[in-house]
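Single-structure report; data block below.
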Amino acid sequence: MAMDKTFDAATAEPRIYAEWEAQGCFAAGANKTHDETFTIVIPPPNVTGSLHMGHALNNTLQDILVRWHRMRGFDTLWQPGTDHAGIATQMVVERRLNAQGVKRTDMSREDFVAKVWEWKAESGGTIVNQLKRLGASCDWSRERFTMDEGLSDAVRKVFVELYDKGLIYKGKRLVNWDPHFETAISDLEVENIETPGHMWHFKYPLAGGETYEYVEKDADGAVILRETRDYISIATTRPETMLGDGAVAVHTDDERYAPIIGKLCEIPVGPKEHRRLIPIITDDYPDPDFGSGAVKITGAHDFNDYMVAKRNNIPLYALMDTKAAMRADGRPYAEDAAIAQAIANGERDFDEAMVAAMNLVPDEYRGLDRLEARARVIADITGEGLAVMVPDPDYDPEGDAPERIPLVESKPIMQPYGDRSKVVIEPMLTDQWFVDAETLAKPAREAVAKGDTAFVPKNWEKTYFNWLDNIEPWCISRQLWWGHQVPVWYDADENAYCAATEAEARALAGGKTLTQDPDVLDTWFSSALWPFSTLGWPEETPELARYYKTDVLVTGFDIIFFWVARMMMMGLHFKDEVPFYSVYINSIVVDGNGEKMSKSKGNVIDPLGLVDQYGADALRYTLASQEVQGRRQSRMSESAVEAARNFGTKLWNAARFAEFNGCERDPAFDPAKATETVNRWIIGETAKTLEATDAALTAYRFNDAAGGLYQHVYFLCDWYVEFSKPLLTGADGPAKDETKATVVWAIDQCLIMLSPIMPFITEELWRQTGGTGMLMHHDWPTYGSDTLADAGAEAEMRWTISLIEAIRSVRAEMNVPAGAKIDMLLTDFEYEAAQRLLRQGALIRRLARLSEAAVGNEAPAGSIVTAVEGATVNLPLADIIDVKAEGARLRKKLDKLSKETGGLEKKLSNPGFLAKAPAEEVEKQRARLDAATEEKAKLAAAVARLEAMG
RNA sequence: GGGCGCGUAGCUCAGUGGGAGAGCACCUCGUUGACAUCGAGGGGGUCGCAAGUUCAAUCCUUGCCGCGCCCA
């Protein structure tokens with residue numbers, strides 16, 4: 001069967017993938033020859049997602065490692081699956097419903113969840129099919145989903161166990177609240193973005209019109225301002241939250257306010273007759289150098305204030321509803337303001353529930369959006385003359401505008417946004433479930449510190465430590481409908497019963513009627529269990545025993561906190577063992593300009609578009625070759641993919657060459673027993689390439705593996721294929737037979753070594769050249785250069801190549817017509833050079849296009865001259881030689897050589913170098929100098945002859 | 001403010017304590033039976049700046065300049 005002229009990726013790849021699947025090539029343990037396992041769990045993509053470049057890179061790297069180990073006979077498992085992606089999926093489905101004019105809130109929870117399952121059934125296979133197009137050799141028979149039955153069992157078991165140990169608890173805390181989705185989110189789901197903002201300065205009048213001496217000093221203690229004040233000045237970026245202030249705080253050591261500590265001041269907003277008075281307290285939080293040095297404390301709407309309020313027992317007054325509008329519930333303002341005043345006066349005790357029920361939003365602001373409320377607050381305070389005023393720099397004495405204006409600083413502020421909703425996140429005081437992350441983090445930190453799990457590259461460990469060392473309680477409850485519902489039930493008295501099933505909870509409750517907590521769990525809660533839940537846990541399955549812990553997790557740095565750290569915590573807690581030996585952090589694929597790809601920027605490169613155009617192998621090769629360990633970004637450019645496609649074509653044509661020349665696999669061929677120099681040489685080169693490839697993959701140096709194989713294939717094509725031609729077209733005999741076998745062997749080794757990176761084209765070549773079985777299950781070679789490399793053969797062939805290159809270079813430079821055959825004479829030759837010319841003359845004549853290649857004592861007049869190791873190369877071209885051009889060429893070369901010898905001589909005459917550099921290094925430099933000096937002499941002689949001619 | 005990373009050829013990037021590399025782009029030549037999705041040859045870089053360590057620095061250290069990311 002003749003080979004196809006080219007590789008048709010579009011038709012071959014799906015066909016080959018289907019064959020692999022049909023033959024069970026990806027199954028756990030397929031092709032194993034020993035019991036050592038190699039396991040990777042896939043970072044589960046969102047079930048309703050589609051493949052982007054990051055997936056393509058991440059999964060290509062995993063597939064390379066998996067295929068490599070599978071060929072090496074490991075008991076290999078690549079565990080696939082998808083994630084239910086709570087908030088992201090709910091968002092997509094809601095958006096689809098909205099397009100049909102249906103709102104989620106018009107539906108029952110049950111109906112909505114049914115809709116999501118429908119959508120999952122419809123689109124859930126997309127990403128899996130896309131991974132298949134990429135060539136991912138996952139064991140699809142073991143595919144899991146974070147909401148399938150087994151994984152849901154695992155989630156409930158983990159929750160109950162942590163609850164029973166007190167490591168999961170419920171509490172009213174300040175959390176990040178997404179007003180769009182109306183749910184809490186974790187710190188990690190918040191993006192802080194610098195946004196233009198304003199800082200307003202207001203006066204909080206002292207109670208009862210009291211005054212004090214306000215003294216401002218400079219750094220040397222000299223008084224720069226002294227005035228009598230009846231207020232304390234407050235700066236804020238969020239005036240609307242003033243309504244919930246519980247105190248004003250100044251730094252403990254701030255002398256300016258010492259006279260008024262413990263006194264009351266008035267929040268300058270709200271109905272005049274019900275103005276609230278709040279205490280002036282001290283704390284270490286306020287920065288005396290920032291603003292006025294005094295800070296309003298709104299414990300329910302700011303994380304820093306929350307801490308201050310907690311420390312000082314200041315009530316936390318919540319002002320907003322779930323949509324972040326000003327609250328409209330509860331009693332009239334006057335009533336609650338009176339209660340708040342009694343608390344501030346110390347006349348009344350308070351508790352959390354009581355404070356939570358109070359609504360301190362003045363009646364006229366109730367129901368307003370928070371930004372509207374902000375504008376109203378500012379206007380009202382300014383109108384009342386309680387804004388801090390400054391002279392207007394643009395004041396026009398002729399105009400109507402006032403001379404002084406309110407002090408409003410424009411300044412960038414860090415604004416929190418929801419990573420999914422893209423709306424401004426509000427700190428909100430709500431009841432949520434938390435994991436005691438601090439307790440779980442300790443063993444997770446320790447495991448990496450001890451080296452039980454290693455990050456590659458290592459510097460990510462610092463990031464990991466830093467996060468774990470400052471970890472906050474993990475808010476795991478979400479006010480969503482799609483996800484694992486919290487396995488806690490309540491009786492009519494709000495007593496909680498935590499159990500894996502409702503029946504068990506009811507048993508705990510003594511048979512009372514219960515209702516389940518409506519919240520669902522953070523998606524990452526179930527992802528955290530992924531390395532063991534996918535293997536069957538909590539059942540003690542054979543797979544769990546066999547494949548846990550896994551070998552390497554391949555992922556991006558952006559989810560070290562979200563996912564990697566949490567898997568470490570859960571794995572250690574529930575399996576007593578880290579979930580993986582290594583964590584390989586891959587780069588982030590960006591566009592050609594180094595910008596992160598995003599839909600909004602419109603710079604997304606679709607990996608499947610590249611697969612369509614160039615084939616999956618080309619994309620895979622490109623991704624692997626760009627993956628440099630420790631590099632943050634890798635840029636995706638189409639030209640690189642095109643070059644990778646061409647690389648595949650090169651390989652294809654090498655195989656066609658072998659076929660044309662009747663090279664067939666010889667099962668009896670033993671590379672160690674080859675006798676022809678060219679064959680021994682390429683066999684040695686191949687062995688070295690194998691070693692380099694193994695070393696690179698072992699160290700997760702994907703670019704080295706890909707680049708090394710690229711070099712080797714091109715080297716093989718440029719030189720070995722050319723060298724083999726005379727032997728293949730020459731007389732029949734043992735040399736020809738050996739060469740035929742070597743050609744096939746050498747190309748086969750390329751196919752085998754490239755199979756993990758470029759599985760399709762190599763498999764197809766294997767098939768079309770009559771290989772038996774599946775290449776992807778071929779044994780990975782184990783030979784080494786120690787047995788296969790032949791230093792003599794290598795030296796000889798390298799010399800031959802250098803001679804051919806030298807002649808080609810001179811020919812091109814001197815414009816010798818490409819078709820013209822010329823003579824060559826080696827003079828000043830050493831014995832070895834003459835012997836090599838004798839043995840390799842046929843190849844040299846052919847590739848340098850020579851009619852004669854001989855040795856002689858004297859160069860003919862009018863020769864072009866160049867030098868190789870151990871000989872002067874003369875090309876007698878008296879009839880076409882341009883004496884001037886040749887002279888110029890030689891002098892240019894001599895200049896270069898002089899520079900080199902000059903540097904080397906200087907180095908070798910440096911006593912420090914001779915005394916302190918390693919002897920080996922001195923010897924090496926001496927040899928370099930000798931070689932350069934020799935070449936220089938040869939060329940100088942040529943110049944002399946030329947001048948004698950001229 | 002804390003942390004991490006980057007600055008090498010026109011572009012994108014490897015790399016190394018001792019001879020500056022690749023791909024793409026560019027220039028010249030070429031269709032010789034594997035390959036024009038190709039081949040041969042070539043031009044092009046004070047390795048960001050400065051100081052230090054060293055016999056020797058593009059590489060190590062420090063500072064500075066410029067850029068990016070993460071956390072506060």
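Chain A is the first sequence line, chain B the second, and so forth, proteins listed ahead of strands; every chain is numbered from 1. Heavy atoms only: backbone and side chains are in, while hydrogens, waters and symmetry mates are out.
At whole-Å resolution of the value, CD in A:Q626 and C1' in B:C11 are 13 Å apart. Rounded to an integer number of Å, the gap from CD of A:E722 to P of B:G39 is 11 Å. Rounded to whole Å, atom P of B:C69 lies 18 Å from atom CG of A:N459. Regarding A:Y621, its OH atom lies at a distance of 10 Å from the P atom of B:G23, rounded to whole Å. Residue A:Q633 contributes atom CD, which lies 11 Å from atom C1' of B:C67 at whole-angstrom precision. In this structure, the CD atom of A:E813 is 17 Å from the P atom of B:A40, given to the nearest Å. As rounded to whole Å, 19 Å separates atom P of B:A40 from atom CG of A:N815. For A:E191 and B:C70, the CD to P distance is 8 Å, given to the nearest whole Å.
Taking the side chain of A:E921 as heavy atoms from C-beta on, and the options B:A40, B:G18, B:G23, the nearest nucleotide is B:G18. Comparing B:C55, B:A40, B:A34 by their nearest atom to the side chain of A:C717 picks out B:A34. Relative to the side chain of A:D718, the nucleotides B:G39, B:G18, B:C35 differ in distance, and B:G39 lies closest. Listed nucleotides: B:G30, B:A34, B:C55. Nearest to the side chain of A:N910: B:C55. Comparing B:C55, B:C35, B:C29 by their closest approach to the side chain of A:K916 singles out B:C55.
When ring centroids are compared, A:F557 and A:Y464 stay outside the 6.0 Å threshold. A ring-centre distance under 6.0 Å is found for A:F647 and A:Y621.
Between B:G42 and A:S809, a contact under 4.0 Å exists linking OP1 or OP2 to a side-chain N or O. Between A:R701 and the phosphate of B:G15, there is a side-chain N or O to OP1/OP2 separation shorter than 4.0 Å. Under 4.0 angstrom from either OP1 or OP2 of B:C4 there lies at least one side-chain N or O belonging to A:K462. For the OP1/OP2 pair of B:A34 and a distance below 4.0 Å, the side-chain nitrogens and oxygens of A:K725 include at least one atom meeting the criterion. The shortest distance between the side-chain N/O atoms of A:N646 and the OP1/OP2 oxygens of B:C38 is below 4.0 Å. In this structure, A:K650 reaches the B:G39 phosphate: one of its side-chain N or O atoms is under 4.0 Å from OP1 or OP2. Applying the 4.0 Å criterion to OP1 and OP2 of B:C4, one finds that A:R632 has every side-chain N and O outside that range.
When heavy atoms are screened at a 4.0 angstrom cut-off, A:E805 is found touching the sugar-phosphate backbone but no base atom. Nucleic acid contact class of A:Y614 (heavy atoms, under 4.0 Å, all strands): none. Across all strands, A:A640 comes closer than 4.0 Å to no nucleic acid atom at all (heavy-atom distances). Residue A:N466 is out of contact with every strand shown, counting any heavy-atom pair closer than 4.0 Å. Residue-level contact check: A:P918 touches the bases, meaning some heavy atom is under 4.0 Å from a base atom. Note on A:A654: a base of the nucleic acid sits closer than 4.0 angstrom, heavy atoms only.
Judged by the 6.0 Å distance and 45° axis criteria, A:R645 is not positioned over the aromatic ring of A:W652. For the pair A:R566 and A:W474, the distance from NZ or CZ to the six-membered ring centre is under 6.0 Å and the angle to the ring normal is within 45 degrees.
Under the Watson-Crick and G-U wobble criteria, each requiring two contacts below 3.5 Å, nucleotide B:G17 is left unpaired. Pairing of B:C26, defined by two Watson-Crick or G-U wobble distances under 3.5 Å, is identified with B:G42. Base pairing of B:C4 is made with B:G68, judged by Watson-Crick or G-U wobble geometry with both donor-acceptor distances under 3.5 Å. Shown here, B:C60 forms a base pair with B:G52; the pair counts as Watson-Crick or G-U wobble because both key distances fall under 3.5 Å. In this structure, B:A9 forms no base pair with any nucleotide, since neither Watson-Crick nor G-U wobble geometry is met with both distances under 3.5 Å.
Between A:D284 and A:H251, some side-chain heavy-atom pair lies under the 4.5 Å cut-off. Side chains of A:L619 and A:M53 form a contact here, defined as non-hydrogen atoms less than 4.5 Å apart.
For a distance-only test at 3.5 Å, the side chain of A:R849 qualifies as a donor-acceptor partner of the base of B:U32. A donor-acceptor contact under 3.5 Å is not formed by the side chain of A:R635 with the base of B:U12. A donor-acceptor contact under 3.5 Å is formed by the side chain of A:R928 with the base of B:G19.
Spacing of P atoms, B:G42 relative to B:A34, comes out at 24 Å, to the nearest Å. Spacing between B:C27 and B:A20 at atom P, rounded to whole Å, works out to 28 Å. Across B:C29 and B:G48, the matching C1' atoms stand 39 Å from one another, rounded to whole Å. Distance noted for atom C1' between B:G33 and B:G39: 14 Å (whole Å). Taking atom C1' in both B:G5 and B:A51, one finds a spacing of 23 Å when rounded to whole Å. Separation of the P atoms belonging to B:G1 and B:A57 is 35 Å when rounded to the nearest angstrom. For the C1' atoms, the distance from B:G43 to B:C4 is 39 Å, rounded to whole Å. Between the C1' atoms of B:G45 and B:G7, the separation comes to 14 Å (whole Å).
Between the OG1 atom of A:T866 and the CZ atom of A:R889 there is a distance of 6.0 Å, given to the nearest 0.5 Å.
With RNA chain B read from its 5' end, the first of the two nearest nucleotides for A:T6 and A:F557 is the one closest to A:T6. Where A:F657 and A:G630 each meet RNA chain B at their nearest nucleotide, the meeting point lying more 5' is that of A:G630.
Checking each of A:T686, A:I682, A:I747 against A:T742 for a side-chain contact (heavy atoms from CB on, under 4.5 Å) leaves exactly one that passes, namely A:I682.
With 3.5 Å as the limit, one finds no donor-acceptor pair spanning the side chains of A:T555 and A:N586.
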